[in-house]
Enquirer: 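Below is a structure I'd like to ask you about.
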Amino acid sequence: MTGSAVIDHTQRDPWGIAVRQFDLAANLLHLDPNIRSVLASCQRELTVHFPLRLADGSVKVITGHRVQHNVSRGPGKGGIRYHPSVTIGEVKALAMWMTWKCAVVNIPYGGAKGGVVCDPKQMTQQQLETMTRRYTTEIMLLIGPERDIPAPDVGTNAQTMAWIMDTYSMHKGYTAPAVVTGKPIAIGGSEGRSEATARGCVYAIIEAAKHLGMDIAGSRVVVQGFGNAGSFSAKLLSEMGAIVVGLSDTGGGIANPKGMDPQKVEAYKRERDTVAGFPGAEAVTNRELLELECDILIPAAIENQIDATNAPRLRTKMIAEAANGPTSPEADRILHDRGIFMIPDILGNAGGVTVSYFEWVQDLQNLFWREATINARLKEVMVKSFNDVLALAQKHKVDMRTAAYMLAVRRVAEATLTRGIYP
Ligand code: GLU
């Protein structure tokens with residue numbers, strides 16, 4: 001292999017990307033090298049391997065992780081991902097992003113994340129329950145209402161959280177709802193939590209549209225990913241009069257310049273397990289979908305979707321990242337130069353963890369709020385955070401991601417420095 005033919009895998013390694021994003025902000029903040037090296041590392045990384053008995057009686061060894069990046073501002077917080085491509089590097093990046101995300105919206109948490117290498121789409125409910133309960137037991141060293149509070153992420157949902165909450169509670173001997181968020185309402189979940197990531201993203205989009213002088217009604221929207229964040233984003237924007245011209249999931253993408261009704265797509269997906277093949281729409285790949293002409297592009301799937309190859313070809317006015325880490329630093333530079341407005345993940349999808357925080361507070365107080373209160377408080381957090389980041393971007397003449405990082409890193413550095421070094 002010649003040197004030029006070697007693919008630099010660090011370019012796509014989420015942890016490498018997370019550290020490069022952090023470095024950019026740390027440089028601009030002239031962060032002291034000591035605190036810089038602390039924040040560029042994860043405080044705790046737990047990897048577990050455990051047996052899962054399969055239907056035929058054989059045993060499969062499953063690998064899982066739970067990482068806490070920094071807990072200076074409060075307990076660790078972050079989802080648990082079930083996906084075949086989970087790696088420790090990905091979980092570390094996701095944990096670091098959680099630290100910055102909680103700091104951008106100024107909620108009192110540190111950043112954490114979990115992941116299990118598995119394909120939940122190929123597993124029965126029984127296997128998922130057994131695996132979840134054993135994984136919970138394995139990471140009980142780290143989790144707890146005052147220590148580290150998991151939530152749903154890619155491949156997990158409210159039911160997964162119910163199993164984690166029950167397993168933790170069985171071990172403790174008492175019911176501990178505040179150990180996870182994103183639970184079903186029946187066991188201490190919060191109104192509005194399932195829509196929260198999308199709703200928060202839409203509040204940020206509304207602020208961005210005001211800034212850009214755009215109208216949401218009549219705007220063309222493309223959403224990559226039709227899971228929790230993607231499907232609710234499409235539905236909420238469509239209710240506001242936006243035209244959904246492109247949608248996708250792991251099965252493929254669908255496009256229709258005249259617009260599609262996300263409610264109908266959802267009903268279709270419920271039957272077929274994918275949006276692909278939706279009647280009246282043209283079939284596109286996930287890659288092609290991102291290049292469709294639109295006004296608002298919402299990546300709501302996984303990392304590494306927008307890179308130096310496709311960034312020059314995107315035809316949108318604004319990108320709102322509902323996913324974590326969809327855009328590479330090289331693409332960020334290209335998009336910024338092209339004048340495409342970016343709502344970065346640590347701001348754009350922070351509505352999920354914000355309502356997780358509300359859920360945790362309600363659980364700890366045993367006092368529950370109405371949905372209207374939740375949504376109003378979420379709006380307040382998102383509008384303030386968006387405008388704080390925008391003001392910083394304008395002041396320092398940097399892009400929105402860099403500004404969000406500057407705000408977050410400064411808050412986390414201050415907390416870490418104020419606490420000092422133990423012993
Ligand atoms: N998994 C979501 C995220 O990446 C939610 C995390 C949480 O609520 O703790 O932000």
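Counting starts at 1 for both ligands and their atoms, following the listed order. These figures come from a predicted structure and were not determined experimentally.
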Enquirer: With heavy atoms only and a cut-off of under 4.0 Å, state how Pro150 meets ligand 1: side chain, backbone, both or neither.
Expert: neither
Enquirer: Under the side chain to side chain contact (heavy atoms under 4.5 Å, CB included) test against Leu290, which residue among Gln305, Arg315, Arg313 passes?
Expert: Gln305
Enquirer: Report, in ascending order of atom number, the atoms of ligand 1 lying under 4.0 Å from any heavy atom of Met98.
Expert: 3 (C), 4 (O), 6 (C), 10 (O)
Enquirer: Could you list which atoms of ligand 1 come closer than 4.0 Å to a heavy atom of Lys101?
Expert: 3 (C), 4 (O), 10 (O)
Enquirer: If you count the non-hydrogen atoms of other residues, nucleotides and ligands that lie under 6.0 Å from CD in Glu414, is the total more than 12?
Expert: no
Enquirer: Taking NZ, NE, NH1 and NH2 as the nitrogens, is one of them in Lys183 or Asp166 under 4.0 Å from a carboxylate oxygen of the other?
Expert: no
Enquirer: Is Lys269 salt-bridged to Glu266, going by a charged N under 4.0 Å from an acidic O?
Expert: no
Enquirer: Can Phe341 and His211 be said to form a ring pair (Phe, Tyr, Trp, His ring centres under 6.0 Å), step by step?
Expert: CA-CA 10 Å; Phe341 189 83; His211 167 65; 5.4 Å; yes
Enquirer: Would you check the N or O atoms of Pro152, main chain and side chain alike, for any that come under 3.5 Å of an N or O of ligand 1?
Expert: yes
Enquirer: To check your reading of the model: name the closest protein heavy atom to atom 8 (O) of ligand 1, its residue, and the distance in Å.
Expert: Ser356 OG, 2.5 Å
Enquirer: If every non-hydrogen atom of Val117 is compared with every non-hydrogen atom of Pro84, which pair is closest and at what distance?
Expert: CG1-O, 3.4 Å
Enquirer: Using a 4.0 Å heavy-atom threshold (strictly under), name the region of Arg81 that reaches ligand 1: side chain, backbone, both or neither.
Expert: neither
Enquirer: Measure from atom 6 (C) of ligand 1 to every heavy atom in Gly76, Gly79, Gly182 and give the option owning the shortest one.
Expert: Gly79
Enquirer: Does Gly78 have a heavy atom less than 4.0 Å from any atom of ligand 1?
Expert: yes
Enquirer: Using heavy atoms and a threshold below 4.0 Å, how should the contact between Arg193 and ligand 1 be classified: side chain, backbone, both, or neither?
Expert: side chain
Enquirer: Is it true that Glu138 and Arg134 make a salt bridge, defined as a side-chain N closer than 4.0 Å to a carboxylate O?
Expert: yes
Enquirer: Does the pair Asp337/Arg333 count as a salt bridge with the N-to-O cut at 4.0 Å?
Expert: no
Enquirer: I'd like to know if Arg133 pairs up with Glu129 as an ion pair, taking the criterion as any Lys NZ or Arg NE/NH1/NH2 lying under 4.0 Å from an Asp or Glu carboxylate oxygen.
Expert: yes
Enquirer: Just let me know how Thr197 lines up against ligand 1, side chain, backbone, both or neither, with a heavy-atom cut-off below 4.0 Å.
Expert: neither
Enquirer: Considering heavy atoms of the protein only, find what lies nearest to atom 7 (C) of ligand 1 and give residue, atom and distance to 0.1 Å.
Expert: Ala151 CB, 3.3 Å
Enquirer: Which of the atoms of ligand 1 are close to Lys113, meaning less than 4.0 Å from one of its heavy atoms?
Expert: 1 (N), 3 (C), 4 (O)
Enquirer: Hey, which atoms in ligand 1 end up nearer than 4.0 Å to a heavy atom of Lys77?
Expert: 7 (C), 8 (O), 9 (O)
